[in-house]
Number of protein chains: 2
Amino acid sequence: MKLDHLDTVKRFYKFHKRLPSYSEMLKLFDFSSKNAIYRIIQKWIEEGLIKKDARKLAPTSKFFSLPFLGIIKAGFPILAEEDKNYLTLDEYLIEDPHSSFILRVSGDSLINVGIFDGDLVIIERSQQALSGDIVLAQIDREWTLKILRKDNQKKSYLASANPKYPPFFPRQELQIHGIVKAVVRKFN
Amino acid sequence: MKLDHLDTVKRFYKFHKRLPSYSEMLKLFDFSSKNAIYRIIQKWIEEGLIKKDARKLAPTSKFFSLPFLGIIKAGFPILAEEDKNYLTLDEYLIEDPHSSFILRVSGDSLINVGIFDGDLVIIERSQQALSGDIVLAQIDREWTLKILRKDNQKKSYLASANPKYPPFFPRQELQIHGIVKAVVRKFN
DNA sequence: AAGTCTAGTAAACTATCGTTCACTTTGTCA
DNA sequence: TGACAAAGTGAACGATAGTTTACTAGACTT
């Protein structure tokens, strides 16, 4: 597969975590006039891959992102949605980076909600957890990841998402430290 | 929660997709000498949040990433791993951005491998799929997302990960278009 | 064959970049 | 209280940034 100029810039970005300057692109593309670069950049700007503010280059999210092809209905053909749809996972999954962190899950107590042993969960420190939320909690001083439930007396307790484990009622106290906002699993 | 200088820069980055220049930081931090900025940047470089190459600033992955706190074993306390561990989801999940794309899954045929209705899957166009891989395939011209199996005669067929669906043997042809590399699910 | 696009070269320009040096203010700790 | 370090000011520096204009060679029309 041959690399065009955009691929070269993406490679540069991946390695350096920044866009190359015009003079750097001169070398990368083996050109000898900055004007050639200027024109190429203009084209990318029109295509929405790059933008400029205050005369400085910056990538757009289209630059980073993967094509989002559409929905696959098991048993049905692909419904390819709008042609130009792109997605950056970090942006999609993490709404408030400031108050979020990642944990690896060990154990099978949440398999029924599709959280498996080894999965990563993104947790947001949060004030208010609702019944049904999957929460990082401390129940009687012991940390755990479970589903928050409130019974009809509004008393909170924790439930597993695996029928083989019973619900946990706090003896003394139940502290909610965060809400699971997303799960992520990598195969292999 | 009060914003320190680093937070301000992160906000700027999130919005502009680039780091602010020294003069821009002057305004952001309300300083009046570039030297003050210079010193702050030096500190961030020592902390590994920012780096410089060819006199140009660039963030490191530590800059973007969420703290990876460790493993939570259901029923056991948090095992907080090494203090400084960071993770960027895009980098973690997508190995080859060039040949990857995203699809939203509709249907329950893969629930047993933890892929639910509405989840996003990251698919890599790939030459070689192994038995057991979850693949995007075309079986007798119909697109689907299933588990690839090979029987003892090395004949390929597709299986669901839901016992209520039978395996699919191709009448004429079976084309593998990609392998599912990761799943991602957002709550709410 | 003439005319028009496209993609590149070459050179000059200003603004801003990140750096450096010398000095001043503020805070901390003995 | 005095000393020292940390944090900020202010000004000057050369290097590089992105932009602009003018020109050229090849490819595509018609």
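This is a predicted model, so every value here is computed, not measured. Chain identifiers are assigned alphabetically (A, B, ...) following the order of the sequence lines, protein sequences preceding nucleic acid strands; residue numbering begins at 1 within each chain.
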Is any side-chain N of the basic residue among Lys181(B) and Asp96(B) closer than 4.0 Å to the acidic one's carboxylate O?
no

Taken to the nearest whole Å, CZ/Phe31(A) to C1'/dT6(C) is 12 Å

Discussion item. Does the plane of the ring in Tyr22(B) sit parallel, tilted or perpendicular to the ring in Tyr38(B)? Use 30° and 60° as the thresholds.
Written reply: tilted

Of the listed dG18(C), dA10(C), dC17(C), the closest approach to the Ser33(A) side chain comes from dA10(C)

Subject >> Under-4.0 Å salt bridge between Arg18(A) and Asp53(B) >> reply: yes

*How about His177(A) and Trp143(A): are their ring centroids closer than 6.0 Å?*
yes

Whole-Å distance, Met25(B) CE to dT16(C) C1', equals 14 Å

- Task: Select base, sugar-phosphate, or nothing to describe what Tyr38(A) touches, counting heavy atoms under 4.0 Å on all strands.
- Result: base

To the nearest angstrom, the CG-C1' distance between Asp53(B) and dC17(C) comes to 15 Å

Margin query: Can you confirm whether Lys43(B) is buried at NZ, in the sense that more than 12 heavy atoms of other residues, nucleotides or ligands lie under 6.0 Å from that atom?
Written below: no

Judged by nearest nucleotide, the residue sitting upstream toward the 5' end of DNA chain C, Lys56(B) or Arg55(A), is Arg55(A)

Walking DNA chain D from its 5' end, the first of Gln42(A) and Arg39(A) to be reached, judged by nearest nucleotide, is Gln42(A)

Note: chain B reaches DNA chain D at heavy-atom distances under 4.0 Å over the stretch, first to last nt, 5' to 3', of dA7(D) to dA17(D)

Checklist line | Pair Thr144(B), Lys146(B): side-chain N/O donor-acceptor within cut-off below 3.5 Å | finding: yes

Whole-Å distance, Ile37(A) CD1 to dA10(C) C1', equals 14 Å

Whole-Å distance, Leu57(B) CG to dT16(C) P, equals 17 Å

Looking only at dG18(C), dC21(C), dA7(C), the nucleotide nearest the Tyr22(B) side chain is dG18(C)

Whole-Å distance, Lys52(A) NZ to dT16(C) C1', equals 15 Å

* With a distance cut-off below 6.0 Å to the six-membered ring centre and an angular limit of 45° from the axis, does Arg125(A) pair with Phe101(A) as a cation-pi contact? -> no

Ile41(A) CD1 to dA7(C) C1', in whole Å, measures 15 Å

note: Glu24(A), atom CD; dC17(C), atom P; distance rounded to Å ~ 16 Å

Worksheet item: Base, sugar-phosphate, or nothing: which does Lys34(B) touch, judged by heavy atoms less than 4.0 Å apart?
Response: base

